[in-house]
Amino acid sequence: MTYPLYGIWDGKRYDYRRKAPAEPVTVVAGLEALMPDNPTRAFIADRGFLVFDGGANLAQVFLQHMTRAAQESCGRCTPCRVGTQRLRDLLHVFAYDEAGTEVLDEMEALALQVTETSLCGMGQTCAKALWQALREFRDQFRPLTVAQCAQTPGHFSYTTAPCIEVCPSKVDVPKYIDGVKGGKFDYALGVVLEKYSMAATCGRVCVRFCEDACRRKAVDGPVGIRMLKRYAADVALSGGKALEIPLPDVRRDERVAVIGAGPAGITCAYKLLLDGFQVDLFDAQKSAGGMASVGIPSYRLPKDVLKAETETLIRHLGGRFFFDKALGRDFTLDELWAQGYRAIFLGYGASQGTLLGVKNEDPSLAGYVSGVDFLLKVHKFVEYGLPYDVTGDVVVVGGGNVAMDCVRSAKRMGARSVHLVYRRTVEDMPAERDEVIACGQEGIHFHCLSNPSSLVIENGRVVGVELLTMRQTELDARGRRGVEPVPGTEHVMPCDLVVAAIGQQVDRAVLRPEDGIQLDKWHCITVNPDTLETTRRGVFAGGDCVLGPLTLVNALDHGDRAAASIREYLLTGDVVIKPEARMQQLLAANKLLLDEPVAVPPSPRERAHVPELPAETRVRHFKEVDGCLSKAAAYEEAKRCLRCYRVYSLSTARPLAHAE
Ligand SMILES: Cc1cc2nc3c(=O)[nH]c(=O)nc-3n(C[C@H](O)[C@H](O)[C@H](O)COP(=O)(O)OP(=O)(O)OC[C@H]3O[C@@H](n4cnc5c(N)ncnc54)[C@H](O)[C@@H]3O)c2cc1C
Ligand code: SF4
Ligand code: SF4
């Protein structure tokens with residue numbers, strides 16, 4: 001039966017030292033057996049502490065925790081800078097030098113002072129559990145015995161914040177915001193570059209999971225995390241400068257093949273090149289960037305920005321590109337092995353359009369195109385001047401970001417009128433709110449609660465689309481409304497082009513059964529979610545071809561993690577799950593960080609506004625709509641960050657392998 005022996009969590013005291021509970025007690029699910037074959041002795045967090053092993057000595061456990069806290073203190077305010085160091089030193093003296101119990105009195109007073117008077121989340125939370133433990137379980141602080149000194153229990157501390165934890169790439173957001181605030185823009189950019197190279201791209205188009213989780217959101221709006229990332233990256237790339245990333249000092253002989261030079265493949269290659277491996281990238285297109293290049297229109301993401309942090313950077317680091325080379329069409333996995341590659345990363349995305357499933361639908365019809373194919377044609381028109389005529393009336397079907405890109409691009413291509421058809425309400429649209437608003441400003445006609453039932457064909461081309469009016473159904477058990485067609489409401493909307501933008505799929509022609517890679521029912525590649533290994537040894541995969549069409553930052557994260565796995569596989573022959581990854585899973589499964597309100601609200605400061613081109617001029621071209629913050633605005637925005645750092649410390653029975 002599992003239960004904590006004693007501890008305090010969210011203000012509640014647990015004490016089963018004398019008598020076990022009648023039933024299991026779970027405070028943080030999965031904590032007792034977080035590390036395989038290495039039981040948890042104690043856990044310390046901002047919300048309290050829990051002890052599972054009567055042999056754990058609180059002086060030792062908190063010493064390790066405060067050692068990390070003292071390292072993490074930025075030193076800007078005295079209570080935290082001096083207080084965390086003093087607490088660490090007092091714990092050390094008490095544990096190892098047999099100091100008297102008056103040291104415990106001093107620690108209790110100091111831990112409270114650090115908690116109550118520090119400036120940011122780090123100082124306000126790192127000593128709180130120590131204060132609680134000293135008040136409620138002081139008898140568990142003991143000088144270490146000779147036997148305890150000889151033992152080597154495991155210890156692992158992990159520092160994070162809500163915005164970091166919710167970001168798939170786990171970028172240290174408060175750290176780079178600190179860099180912007182301090183005018184150290186290279187430092188700020190360097191924090192992002194530790195994870196991936198596409199900082200300016202991400203600073204423009206990321207879907208901003210971090211801002212959704214930002215604790216300032218409930219006070220006066222989330223910190224403009226994405227705009228600050230863009231600011232730091234744009235400063236570094238201003239005037240067409242190249243990213244200054246030092247070449248690795250080791251050169252390893254192992255060669256890795258990366259299939260697909262999209263965000264996942266580029267990130268994997270970037271990290272492996274920094275580790276000194278030889279990397280070749282194969283892509284079916286003629287340029288790097290994947291959907292960020294041929295999907296996302298240049299009015300949201302200028303292609304010179306993308307190129308600087310993909311193709312140019314990878315070449316600078318020694319990577320080689322083989323464009324117009326498609327796996328499954330031009331070569332096979334076996335041929336890559338035969339050429340001497342020691343590991344392969346598959347990052348070929350999800351590039352096939354999805355059919356609407358309506359009558360008369362035929363992808364070869366004139367006047368009919370999928371969303372991704374439409375955007376590819378627009379891309380070739382804008383970047384290479386290849387002819388593409390979109391001057392008539394355009395109907396785009398869908399309510400996601402791809403549909404928004406299609407309608408806004410059609411407008412810029414000179415369409416007479418652009419109509420967005422969506423089967424649910426505007427509130428239900430999965431597209432980003434900013435995109436929906438921008439469409440309204442740019443004169444896109446919305447037809448919500450409308451669904452196509454048939455294409456109208458004349459002389460072999462589409463001349464209209466038959467629509468059915470939809471209505472919302474009653475709330476279901478989960479509190480959601482469905483939609484259903486209203487009988488007899490068929491009507492035809494004449495048009496010259498129908499764009500089906502209701503989703504993408506993975507290309508089924510890339511892998512064959514003899515490649516030995518397991519696929520799921522959607523033809524996504526099956527991987528070990530922790531290591532990104534496929535079912536074929538030495539082959540790893542990530543991004544949209546694993547997850548289905550998702551987001552840029554999910555692909556960046558997969559590229560980063562796959563590179564770490566490939567590195568380990570090539571150097572040791574094996575891939576293990578690191579304590580850090582297990583801790584992240586624990587925090588996510590228990591939502592330890594995400595629902596926490598701001599205890600002492602800061603004085604309100606309005607969120608910065610990104611300058612943008614006026615709607616009436618921007619629809620005439622593909623120039624970037626959103627501008628960059630000014631230096632002063634970036635500084636003011638950076639000051640809004642509350643630095644919600646938290647330190648989590650785990651003590652285990654035996655030493656932990658791979659703990660940093
Ligand atoms: C129109 C559009 C707009 C989007 N907007 C946003 C946004 O604003 N924010 C956001 O976060 N996400 C957005 N996304 C999603 C995001 O772009 C993707 O999730 C991301 O690009 C996935 O990266 P990836 O590397 O896995 O795949 P991809 O970007 O698809 O890259 C895969 C690469 O593999 C290549 N390839 C394909 N088949 C083969 C083959 N057989 N052999 C060799 N190479 C091959 C392709 O040419 C491509 O270069 C958007 C997607 C689209 C389509
Ligand atoms: S980390 Fe926060 S609490 Fe600690 S010194 Fe810096 S500002 Fe103060
Ligand atoms: S206030 Fe700063 S540290 Fe806190 S969640 Fe927002 S961006 Fe992250």
Side-chain angles (χ1 to χ4, degrees), residues 120-122 160-167 172-175 177-178 201-202 204-211 213-217 219 222-225 228 258-268 281-297 300-301 322-331 346-353 371-372 374-376 379 400-406 409 431-432 435 501 503-504 506-507 509-511 541-556 558-559 593 596 598 602 638 640-645:
C120 83
M122 168 60 76
T160 188
C163 49
I164 301 175
E165 222 35 49
V166 80
C167 167
D172 193 336
V173 172
K175 194 168 169 186
I177 291 182
D178 260 354
T201 299
C202 198
R204 285 168 166 79
V205 303
C206 184
V207 292
R208 294 178 276 186
F209 296 112
C210 53
E211 292 189 18
C214 175
R215 289 176 69 241
R216 185 125 200 170
K217 187 175 175 182
V219 180
V223 174
I225 300 173
L228 289 172
V258 169
I259 313 303
I266 287 288
T267 308
C268 183
L281 298 96
F282 300 83
D283 199 289
Q285 292 291 343
K286 290 188 167 54
S287 60
M291 281 304 169
S293 168
V294 299
I296 300 178
R300 288 208 288 132
L301 175 60
F322 296 89
F323 287 125
D324 212 1
K325 291 274 175 274
L327 174 65
R329 184 190 70 193
D330 302 318
F331 60 92
L346 300 175
Y348 55 80
S351 57
Q352 306 288 297
V372 275
F374 173 73
L375 291 167
L376 178 62
H379 167 76
N401 284 325
V402 177
M404 302 299 140
D405 285 342
C406 290
S409 294
E432 280 211 67
E435 284 294 304
Q504 293 86 247
V506 175
D507 185 349
V510 180
L511 292 173
D544 281 3
C545 65
V546 167
L547 300 162
L550 208 57
T551 74
L552 181 92
V553 68
N554 286 100
L556 299 175
H558 266 193
L593 262 159
E596 192 195 1
V598 178
R640 295 180 69 236
C641 176
L642 306 173
R643 288 176 43 87
C644 314
Y645 278 125

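Note that ligands are numbered from 1 as they come in the structure, with each ligand's atoms numbered from 1 the same way. No hydrogens, no waters, no symmetry mates; every other heavy atom, side chains included, goes into these values.
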Could you list which atoms of ligand 3 come closer than 4.0 Å to a heavy atom of R215?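 Listed by number with element, the hits are 5 (S), 6 (Fe).
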Which ligand 3 atoms, with their elements, are less than 4.0 angstrom from a heavy-atom of P174?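 It comes down to these atoms of ligand 3: 3 (S).
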Would you name the heavy atoms of [X] and [Y] that are closest together and state the gap between them?
{"X": "A161", "Y": "P174", "value": "CB-CG, 4.1 Å"}
{"X": "L593", "Y": "E165", "value": "CD1-CG, 3.6 Å"}
{"X": "P162", "Y": "R215", "value": "CG-CD, 3.6 Å"}
{"X": "S409", "Y": "L375", "value": "OG-CD2, 3.7 Å"}
{"X": "P602", "Y": "L642", "value": "CG-CD2, 3.6 Å"}

Against ligand 1, does [X] come closer than 4.0 Å with any heavy atom?
{"X": "P263", "value": "yes"}
{"X": "K325", "value": "yes"}
{"X": "V402", "value": "yes"}
{"X": "P549", "value": "no"}

Considering L327, D405, I266, which one's heavy-atom position lies nearest to atom 41 (N) of ligand 1?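 Checking each option, the heavy atom nearest atom 41 (N) of ligand 1 is found in L327.
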Who's closest to atom 6 (C) of ligand 1 heavy-atom-wise, of N401, D283, I296?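 Comparing heavy atoms across N401, D283, I296, the nearest one to atom 6 (C) of ligand 1 lies in I296.
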Can you tell me the protein heavy atom closest to [atom] and the distance?
{"atom": "atom 27 (O) of ligand 1", "answer": "G349 CA, 3.3 Å"}
{"atom": "atom 38 (N) of ligand 1", "answer": "Y348 CB, 3.6 Å"}
{"atom": "atom 1 (C) of ligand 1", "answer": "L375 CD1, 3.2 Å"}
{"atom": "atom 53 (C) of ligand 1", "answer": "M291 SD, 3.5 Å"}
{"atom": "atom 26 (O) of ligand 1", "answer": "D544 N, 2.8 Å"}
{"atom": "atom 34 (O) of ligand 1", "answer": "G260 CA, 3.3 Å"}
{"atom": "atom 16 (C) of ligand 1", "answer": "L552 N, 3.8 Å"}
{"atom": "atom 15 (C) of ligand 1", "answer": "L550 O, 3.5 Å"}
{"atom": "atom 1 (S) of ligand 3", "answer": "L642 N, 3.2 Å"}
{"atom": "atom 8 (Fe) of ligand 3", "answer": "C163 SG, 2.3 Å"}
{"atom": "atom 6 (Fe) of ligand 3", "answer": "C214 SG, 2.4 Å"}

Rounded to the nearest 0.5 Å, what's the gap from [atom1] on [X] to [atom2] on [Y]? Could you check?
{"X": "M291", "Y": "T551", "atom1": "CE", "atom2": "OG1", "result": "14.0 Å"}
{"X": "C202", "Y": "R208", "atom1": "SG", "atom2": "CZ", "result": "11.0 Å"}
{"X": "I177", "Y": "C163", "atom1": "CD1", "atom2": "SG", "result": "6.5 Å"}
{"X": "T160", "Y": "D172", "atom1": "OG1", "atom2": "CG", "result": "8.0 Å"}
{"X": "H558", "Y": "C545", "atom1": "NE2", "atom2": "SG", "result": "9.5 Å"}
{"X": "Q285", "Y": "K325", "atom1": "CD", "atom2": "NZ", "result": "13.5 Å"}

Close side-chain approach of [X] and [Y], heavy atoms under 4.5 Å:
{"X": "L346", "Y": "L327", "answer": "yes"}
{"X": "V402", "Y": "F374", "answer": "no"}
{"X": "V372", "Y": "L376", "answer": "no"}
{"X": "D405", "Y": "E435", "answer": "yes"}
{"X": "V223", "Y": "V173", "answer": "no"}

Whether D283 side chain and F323 backbone form a donor-acceptor pair below 3.5 Å: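 Not a single qualifying donor-acceptor pair exists.
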Counting only N and O atoms by type, is there a donor-acceptor contact under 3.5 Å from the side chain of D507 to the main-chain atoms of Q352?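 No; judged by distance alone, with no hydrogens or angles, the pair does not exist.
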With a cut-off of 2.8 Å, does C644 put an N/O/S atom close enough to atom 4 (Fe) of ligand 3?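 Yes, within the cut-off.
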Measure R640 to ligand 3 on non-hydrogen atoms and call it side chain, backbone, both or neither using the 4.0 Å cut-off.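 No part of R640 comes within reach of ligand 3.
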Mind checking whether I225 contacts ligand 3 via backbone (N, CA, C, O), side chain (CB onward), both or neither, at a 4.0 Å heavy-atom cut-off?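 For I225, only side-chain atoms sit under 4.0 Å from ligand 3.
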Numbering the atoms of ligand 1 from 1, which are under 4.0 Å from a heavy atom of [X]?
{"X": "Q285", "value": "47 (O)"}
{"X": "G290", "value": "29 (O), 31 (O), 48 (C), 49 (O)"}
{"X": "G543", "value": "26 (O)"}
{"X": "A555", "value": "22 (C), 23 (O), 26 (O)"}
{"X": "F282", "value": "43 (C), 44 (N)"}
{"X": "G347", "value": "32 (C), 33 (C), 34 (O)"}
{"X": "G295", "value": "1 (C)"}
{"X": "I259", "value": "42 (N), 43 (C)"}

In terms of ring plane angle, is the pair F282 and F322 parallel, tilted or perpendicular, where the classes change at 30° and 60°?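 Judged by the thresholds at 30° and 60°, the geometry between F282 and F322 is parallel.
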Does any N or O of ligand 1 fall below 3.5 Å from an N or O anywhere on A284, backbone included?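 Yes, A284 has an N/O under 3.5 Å of an N/O on ligand 1.
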Would one find an N or O of V205, backbone or side chain, under 3.5 Å from an N or O of ligand 1?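 Min N/O separation from ligand 1 is below 3.5 Å for V205.
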Between C641 and atom 2 (Fe) of ligand 3, is there a contact where an N/O/S atom of the residue lies under 2.8 Å from the metal?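 Given the 2.8 Å cut-off, C641 counts as a ligand of atom 2 (Fe) of ligand 3.
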Answer side chain, backbone, both or neither: which part of A264 comes under 4.0 Å from ligand 1, heavy atoms only.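 Answer for A264: both.
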R300 contact mode with ligand 1 (heavy-atom cut-off under 4.0 Å):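 Side chain only.
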N/O/S from C210 sitting under 2.8 Å away from atom 6 (Fe) of ligand 3: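 Given the 2.8 Å cut-off, C210 does not count as a ligand of atom 6 (Fe) of ligand 3.
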Among C206, C641, C210, which one satisfies side-chain contact (heavy atoms from CB on, under 4.5 Å) with I225?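 Per the side-chain contact (heavy atoms from CB on, under 4.5 Å) rule, the option paired with I225 is C210, out of C206, C641, C210.
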